[in-house]
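All ligand and atom numbering here is 1-based and tracks the order in the structure. All values below come from the heavy atoms of this structure, side chains included, with hydrogens, waters and symmetry mates left out.
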Amino acid sequence: MAAIEKRTRSEWQDLDQQHYLHPFTDHKDLAKQKSRIITRADGVYIYDADGKKILDGMAGLWCVNLGYGRDELVDAAERQMRELPYYNSFFQCAHPPSIELSKVITDLAPDNFNHVFYTGSGSESNDTIVRMVRRYWDLLDQPERQIIISRQNAYHGSTMAGASLSGMKAMHAQGGLPIPGIVHIEQPYYFGSDHSLSEEEFGLQTARKLEQKIQELGADKVAAFIGEPIQGAGGVIVPPASYWPEIQRICDEYGILLVTDEVITGFGRVGEWFGADYFGVKPDLMPFAKGVTSGYLPLGGVLVGDRVADVIIDKGGEFFHGYTYSGHPACCAVAIESLRLTKSEGIVERVRDDIGPYLQERWGKLVDHPLVGEARMVGLMGAFEIVANKKSRERFAEDKGVGTTCRNFSVSNGLVMRAVGDTMIVAPPLVLSHAEADELVEKAWKALDLTQKAIK
Ligand code: PXG
């Protein structure tokens, strides 16, 4: 019966080192310390091969919204796998799970969204964005509208298009990216600015970088703007309230498509169904993934607004794009169940009105720690900034690796927290209890205390 052998922790570590190339990993470095082998999980906790219990402050990778050990999701997958484990949606075929999920998701999305295109991940969703945006302008006889404007320090995935849309220099340096037709403007990161402007003015000024870029390139060359409502992997960067309305104005004025990447912010993370709802913007396209299945099976997609869908459908002609696993039946069945549970358990309202405010208040108090320059959180995605000087917001030297030190203390004390440089981030499962929220903040504080001692 058991397809996976029983092995000791060190046997797993040795085999891991011999055969497994991990994502985003320096293997020379990993070889020195070996992997932490995670063997099981329940609720908001993961357990390693030594039986150590760790609060998963990152919900896997921003995805296990409903927590671990949900039998309903397992049963949904099992039922669908027995009935129809796979079939494609090419060649005039479809199946109930993908059709049903399309209805469920478009019912949750803003009114102008009535169609879904499926992928297997967030990266693929953003590849679809590039293809679909260009297809749209082609169909409107404006094929010269090719350029997509994104932002520095954005994260939109790791495929050729995903990494190109991402604004991460280290990724671009490996392999000649970005691909042609993708440009980046400044991110709305107020904490990282010189604070010569008020937060509101800074929000307007960074949004207007979009307008300047459109004018520089020529409006007739620009196809779309893409942004995460709140930047996740870049360090939970929450834009000033003035930012998104100004972006919306500019997109409307120049007629360019607005894409909000909802891979992290979709399905309840920010206390609304989508990040666009939180900021009150009206995008034309919304890539999603992660939380749609609570991470139990891989699924992504693009919510396609009527402006784009009408053109693609009415103008006709084949869109030469799609994936073997577009609308995978088992993944769609799990997504349907995951969204049903999210609704029936009032998860989105809970994040907005209960656990969100509860954790935000306690998380905010981390700013009282001598190492913390700012602590922020929207819904259940938060960050704090480690600084050498609280007043001037001066950072520690990069080679000191203070964020990594803090991360290591945190994990060894039983809390998964991620370091983006010296910005520490969390995004726990949305089912987090009050007691677990208290534990999360206590452990973050302890990690800071230990870091402070270690860097003296
Ligand atoms: N868009 C956004 C906004 C994301 O956060 C992707 C697209 C790509 O999704 P896939 O499913 O292809 O990974 C992401 C993914 C991190 C981390 O370290 C974040 C992501 C992925 C891996 C690591 O914070 N986000």
Side-chain angles (χ1 to χ4, degrees), residues 22-26 56-65 117-130 148 150-168 170-171 177-178 182 184 187-188 224-239 259-270 274-276 278-279 283 285-303 323 325-326 328 331 334-335 378-383 403-404 407 410-411 416-421 423-428:
H22 297 212
F24 281 89
T25 294
D26 176 344
D56 185 5
M58 284 306 299
L61 259 185
W62 320 81
C63 54
V64 186
N65 289 1
F117 189 99
Y118 291 106
T119 72
S121 67
S123 298
E124 285 178 18
S125 300
N126 283 319
D127 276 52
T128 296
I129 287 292
V130 174
I148 301 177
S150 180
R151 301 175 302 177
Q152 288 145 11
N153 198 38
Y155 190 74
H156 297 292
S158 183
T159 50
M160 293 295 278
S164 295
L165 291 169
S166 297
M168 301 196 164
M171 291 175 78
L177 301 177
I182 292 174
H184 300 84
Q187 60 176 335
F225 170 78
I226 183 169
E228 304 151 82
I230 295 170
Q231 286 157 262
V236 184
I237 293 166
V238 183
V259 186
T260 58
D261 182 337
E262 303 280 355
V263 168
I264 285 176
T265 48
F267 309 109
R269 171 68 49 202
V270 297
F274 296 95
Y278 181 83
F279 288 108
L285 294 158
M286 298 199 292
F288 63 87
K290 293 192 189 272
V292 68
T293 58
S294 234
Y296 278 55
L297 285 178
L299 180 74
V302 173
L303 267 153
Y323 309 101
Y325 298 123
S326 286
H328 189 287
C331 303
V334 169
V378 170
L380 286 190
M381 61 192 290
T404 309
R407 194 265 322 270
S410 182
V411 176
V416 177
M417 188 160 59
R418 228 168 81 46
V420 180
T423 307
M424 305 303 301
I425 59 183
V426 290

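The ring-ring contact (aromatic ring centres under 6.0 Å, His included) check on Phe225 picks up nothing, with sequence neighbours excluded. Take Tyr278 and apply the ring-ring contact (aromatic ring centres under 6.0 Å, His included) test, not counting sequence neighbours, and it matches no residue. Residues meeting the ring-ring contact (aromatic ring centres under 6.0 Å, His included) test with Tyr155, sequence neighbours left out: none.
More than 12 heavy-atom neighbours from other residues, nucleotides or ligands sit within 6.0 angstrom of OH on Tyr323. Heavy atoms from other residues, nucleotides or ligands lying under 6.0 Å from CE of Met168 number more than 12.
Closer than 4.0 angstrom to ligand 1 lie heavy atoms from Leu61, Trp62, Ser121, Gly122, Ser123, Asn126, Tyr155, His156, Gly157, Glu228, Ala233, Asp261, Val263, Ile264, Lys290, Arg418.
No hydrogens or angles considered: a donor-acceptor pair under 3.5 Å links the side chains of Thr119 and Ser125.
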